[in-house]
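Structure first, commentary second.
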Protein chains: 2
Amino acid sequence: MNNTNLTDRQLSILKFICEVIDDASRPPTIREIGYEFSISSTKGVADHLDALERKGWIEREPGQARGIKPVREKTEKLFGASTGLPVVGSVVAGGPTLARENLEGLLNLDDLFPNNDDLFALRVRGDSMTGAGIYRGDIVVVRQQWQADVGDVVVAIVDDEKGTVKKLSKVGEEIHLKPANPNYDTIVKEPSRVEIRGKVVGVIRKM
Amino acid sequence: MNNTNLTDRQLSILKFICEVIDDASRPPTIREIGYEFSISSTKGVADHLDALERKGWIEREPGQARGIKPVREKTEKLFGASTGLPVVGSVVAGGPTLARENLEGLLNLDDLFPNNDDLFALRVRGDSMTGAGIYRGDIVVVRQQWQADVGDVVVAIVDDEKGTVKKLSKVGEEIHLKPANPNYDTIVKEPSRVEIRGKVVGVIRKM
DNA sequence: TTGACTACTAAACATATGTTTAGTAAAATA
DNA sequence: TATTTTACTAAACATATGTTTAGTAGTCAA
């Protein structure tokens, strides 16, 4: 079966609706659904929509053209989000492959790094932070801020040069920007010559 | 000014259309736009849509209800994608903050890890791979596969236990699953007792 | 076996929505 | 200065689209 409280026909129609939205950025009309499934009467389709609504899979705007809105939290678990990776709790033996049903959720950047317009991403150029798990070519996710605490990994500009990613530390009045790689030296500057631009809150690496 | 070839009024309307789509998963009608901007005649709105279409910011389905489709590649650069982080080329001195205009692009998982239904994500439990930049709590992005090459970081199941993330290597007939942390021992097994489940193709860390 | 649910047809209806025609006025452009 | 573009009003029109009414037939649980 299909593991939901929907009939196979209802499930197909729900899937079609979601696909059209992904594809055309707008829901299909009742007649478009009818054409797709060879249902000649609009009432036939409307009955399915009534069922989908009653069972909580879609919402509708009465009287509005294309007034069908799938309930995303539910449909994304079923068909996969247009964006996002399925997160599995653990990989266990025996089971064949990924079953969409027993997932922990869907991974997408919005959930992981909620963007209040103060986040940006930056590709790391050097390898001065390998000891902290940040490698050349990694993308760091940075929250824009102009102060940071000792111990934070920050994006800072030293002497009006390009930005660099280092660990922040202070000794007396001096700012120390510490690499996490013994082959690099700590940058020691007066506060006036260091401009903090943000704090690293995440790392993304493609291998 | 607004840096595009659009008038301020046209830009406002385009933005409204994009917001409605993000919000309601369907575009507004001409009259809904008119109501929002206090334009009493549908022709007034239609003129704006004509301009937006002529200038390449939207596409339309003639005669179709809510037949407005913004050209995503362009509008996302202007307003930001509903999902995605702005990627800056480099952080330079002087410039105040993030300017949406001079961005390298928008980061989202779909672009970074194109999902052909064979990817999944898994949270790393131990710290046996810290030497390879994979820490406890990191999320690894895994491509589902049942073979892997020597040197790949793989997700494997040993003796029907839970999955583990290790580096694959072979010595004669034996499979070696190597940690990247000197405190852990290499797992040595016959091929029949090791089940490879996927190859790690990415790492995501939230700090 | 009765009633509820599924899954439709056919036809008429109501209205939501795009289109067209006929203008006006100001601003931008050639 | 003439012409185009922007930015609308007002009204009529055409049709795309949701809704309702009246039925049919099969399946499934009480």
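Chain naming here is simple, since letters A, B, ... match the order of the sequence lines and numbering starts at 1 in each.
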Heteroatom pairs (N/O) under 3.5 angstrom, protein to nucleotides 25-30 of chain C:
none

| Step-by-step side-chain contact (heavy atoms from CB on, under 4.5 Å) determination, B/Q144 to B/L119 | CA-CA 6 Å; B/Q144 211 174 178; B/L119 293 183; over 6 Å; no
| task | Starting from the first five and the last five pairs of the helix from C/dT1-D/dA30 to C/dA30-D/dT1, work out the angle between the resulting helix axes, to 10 degrees. | result | 40°
| said: Can you pull out every salt bridge (charged side-chain N to carboxylate O under 4.0 Å, His left out) where at least one residue sits in residues 23-41 of chain B? Sequence neighbours excluded, please. | reply: B/E32-B/R66
| Who passes side chain to side chain contact (heavy atoms under 4.5 Å, CB included) against A/E19, sequence neighbours left out? | A/K15
| Distance below 4.0 Å between B/Q10 side-chain N/O and D/dA7 OP1 or OP2 | yes
| message | Counting primed atoms plus P, OP1 and OP2 as sugar-phosphate and everything else as base, spell out the protein contacts along nucleotides 13-30 of chain D at 4.0 Å heavy-atom distance: B, S or - for each nucleotide, 5' to 3'. | response | ---SBBBBB---------
| task | Take atom CG of B/N5 and atom C1' of D/dT6, then tell me their distance rounded to the nearest Å. | result | 14 Å
| said: With a cut-off of less than 4.0 Å, is there a side-chain N or O of A/T7 near OP1 or OP2 of C/dA7? | reply: yes
| remark: Correct closest heavy-atom pair for B/W57 and B/K74 would be CZ3-CB, 3.6 Å
| What is the distance, rounded to the nearest whole Å, between atom CG of A/D50 and atom P of C/dC8? | 14 Å
Got a list of side-chain donor-acceptor pairs under 3.5 Å for residues 39-49 of chain A, not counting sequence neighbours?
unit_1	atom_1	unit_2	atom_2	d
A/S41	OG	A/K43	N	3.1
A/K43	NZ	A/D47	OD1	2.8

| Please give, in whole Å, the distance from C/dC8 P to A/L49 CG? | 12 Å
| field | Residue-phosphate contact under 4.0 Å: B/H48 side-chain N/O, D/dA7 OP1/OP2 | value | yes
